[in-house]
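Here the structure comes first, spelled out in structure tokens, and everything after it is commentary.
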Amino acid sequence: MSIDINTPPILRFGAGSVDSIGELLASSGAARPIVVTDRFLVSTGVAARVAESLAASGMEAAVYDGTIPDPTTDSLESGLAAIREHGADSIVALGGGSPIDTAKALSVLAVRGGHMRELKAPFQFMGPALPVIAVPTTAGTGSEVTQFTIITDSANNEKMLCAGPGYLPKAAVVDYELTLSMPPRLTADTGIDALTHAIEAYVSRKANPVSDVYALAAISRIGRYLRRAYRDGDDREAREEMMTAATLAGMAFSNASVALVHGMSRPLGGHFQIAHGMANAMLFAEITAFSVGHAVERYATCARTLGVASADDDDQAAADALVAELRALAHELEVPTPASRGIEQALWEERVPVMAQQALASGSPNNNPRVPTAEQVEQLYRAIYA
């Protein structure tokens with residue numbers, strides 16, 4: 001059996017690497033890039049820093065700051081208008097998962113046209129798109145190196161997974177210094193998000209020897225550095241290692257796919273505007289407990305790599321230790337529940353059947369070691385409510 005491994009052709013890591021974007025993009029022949037970002041990164045001056053790098057390399061750059069958390073099909077319209085108005089020939093995606101996902105969707109629609117609804121999984125987009133250089137400012141989503149984008153359909157609040165090599169950025173610039181200002185809550189949510197990516201990639205039914213290497217390298221780093229980054233945002237070593245881990249985890253799941261946690265987390269964003277990383281963090285421990293008996297050896301390897309079990313522990317004990325660690329991590333990093341977020345239980349119960357159907361329709365649960373029924377998905381949603 002053959003496997004295809006898809007990663008951006010260029011991965012650039014290191015402090016200050018954000019200032020090399022102009023040189024990197026100029027080498028591709030681009031002349032009119034547009035920076036796709038959000039208002040926060042404009043207010044901090046980071047977007048201007050990128051635009052200045054582009055201008056210094058002789059390019060005429062524009063900045064579009066209209067991205068929103070959990071982008072929707074409606075929110076893409078103003079971005080497409082900005083691309084057309086500027087005559088953009090390339091995109092710099094600057095921000096967390098939402099700006100990068102927005103940029104990847106825009107890069108495809110700007111060339112292909114049509115509606116994102118036509119592109120949702122299981123459709124695989126392999127066509128041309130505007131070249132994207134992705135610059136993450138959070139250590140979690142891994143979107144800078146994946147062939148996926150997540151866009152909510154404004155017509156029905158369905159959080160759509162759109163996939164295919166056409167979404168893969170041409171380069172990723174991974175500068176950990178951009179994460180030094182991340183507050184503890186965002187550090188926790190994005191860090192657990194990265195751990196979810198790595199573990200789901202490792203236990204996925206589509207895992208392969210190459211994705212395994214990426215996944216285990218990410219898990220090892222997260223086990224050593226997530227708590228440090230959460231406790232001390234100025235810990236530069238922890239920030240750098242978490243940024244590297246997030247990118248490695250992104251390459252892992254981009255080439256092995258995610259599973260049940262992600263299938264169930266997307267509806268939480270679509271229906272309740274819960275950020276992706278936080279939604280994964282809410283679900284991770286209970287879904288692992290549900291799944292662990294169907295891939296004990298794989299989950300045990302994750303536990304040992306994470307540092308919560310040893311070679312002397314048998315696989316079942318190690319796998320159980322992983323579940324206990326995920327619960328402890330959620331408690332220690334103060335991951336909220338839907339109830340503590342103020343979501344009324346009656347509304348939650350009303351949405352559970354719809355969310356379960358949307359989770360299953362995404363296809364991701366089919367990659368899980370234990371493939372759930374709709375009733376089991378509903379039970380899991382109820383279990384994490386409070």
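Only heavy atoms go into these numbers, but all of them, side chains included; no hydrogens, no water, no symmetry mates.
Rounding to the nearest 0.5 Å gives a distance of 10.0 Å between OG1 of Thr137 and CD of Glu144. Taken from OG1 in Thr305 to CG in Leu216, the straight-line distance is 4.5 Å, to the nearest 0.5 Å. Rounding to the nearest 0.5 angstrom, the gap separating the CG atom in Asp38 from the OH atom in Tyr64 is 10.5 Å.
One hydrophobic cluster, built from ILVMFWY side chains closer than 4.5 Å, cannot hold both Ile91 and Leu25; they sit in different ones.
For the pair Ser362/Met264, no side-chain contact is recorded, criterion being any heavy-atom separation below 4.5 Å from C-beta on. Within the 4.5 Å cutoff, no side-chain heavy atoms of Arg341 are placed close to those of Gln273. Between Leu360 and Pro372 the shortest side-chain heavy-atom distance falls below 4.5 Å. Contact check for Ile199 versus Leu322: side-chain heavy atoms found under the 4.5 Å cut-off. Between Asp212 and Arg298 there is a side-chain heavy-atom pair separated by less than 4.5 Å. Within the 4.5 Å cutoff, the side chain of His262 has heavy atoms near those of the Asp193 side chain. Counting heavy atoms from C-beta on, the side chains of Val203 and Ser291 never come closer than 4.5 Å.
Residue Arg12 forms a side-chain contact (heavy atoms from CB on, under 4.5 Å) with just one option from Val18, Ile21, Leu24, and that option is Leu24. When each of Asp314, Asp312, Asp315 is paired with Arg304, the salt bridge (charged side-chain N to carboxylate O under 4.0 Å, His left out) condition holds for Asp315 and for no other. Put simply, the residue from Met282, Glu200, Glu286 that forms a side-chain contact (heavy atoms from CB on, under 4.5 Å) with Val261 is Glu200. Each of Arg266, Lys120, Arg117 was checked for a salt bridge (charged side-chain N to carboxylate O under 4.0 Å, His left out) with Asp153, and the lone residue meeting it is Arg117.
Asn280 and Thr196 are not linked by any side-chain donor-acceptor pair at a separation below 3.5 angstrom, with hydrogens and angles left out of the test. A donor and an acceptor atom, one from each side chain of Arg49 and Ser53, are nowhere located under 3.5 Å apart. With no hydrogens or angles considered, no side-chain donor-acceptor pair links Arg221 and Thr244 at under 3.5 Å. In summary, the side chains of Lys104 and Thr146 do present a donor paired with an acceptor at a separation below 3.5 Å, with no hydrogens or angles considered. Side-chain contact annotation: Ser257 with Arg205, donor-acceptor N/O pair under 3.5 Å absent.
Salt bridge Arg224/Glu237: absent, no basic N to carboxylate O contact under 4.0 Å. Salt bridge status for Glu334 with Arg185: absent, with no side-chain N to carboxylate O gap under 4.0 Å. Using a cutoff of 4.0 Å between basic side-chain nitrogens and carboxylate oxygens, Glu177 and Arg239 are not scored as salt-bridged.
Of all heavy-atom pairs between Val377 and Leu260, the closest is CG2-CD1, 4.5 Å. Pairing each heavy atom of Val135 with each of Val92, the nearest pair is CG2-CG1, 4.0 Å. The heavy-atom pair separating Tyr385 from Thr337 by the smallest distance is O-CB, 3.4 Å. Here the shortest heavy-atom pairing between Met243 and Thr179 reads SD-CG2, 3.5 Å.
A cation-pi arrangement is not found for Arg236 relative to Tyr176, the charged atom failing to lie both closer than 6.0 Å to the ring centre and inside a 45° cone about the ring normal. Remark: Arg351 is positioned above the aromatic ring of Phe272, its terminal NZ or CZ atom under 6.0 angstrom from the ring centre and at most 45 degrees off the axis.
Taking a 6.0 Å sphere around CZ of Phe40, one finds it holds 12 or fewer heavy atoms contributed by other residues, nucleotides or ligands. Counting heavy atoms of neighbouring residues, nucleotides and ligands inside a 6.0 Å radius, atom CD of Glu85 does not exceed 12 of them.
With Asn368 contributing its side chain and Val371 its backbone, the two residues share no donor-acceptor pair below 3.5 Å. With hydrogens and angles ignored, the 3.5 Å screen pairs no side-chain donor or acceptor of Asn367 with any backbone N or O of Ser204.
Not counting sequence neighbours, Glu77 has no partner by the side-chain contact (heavy atoms from CB on, under 4.5 Å) test.
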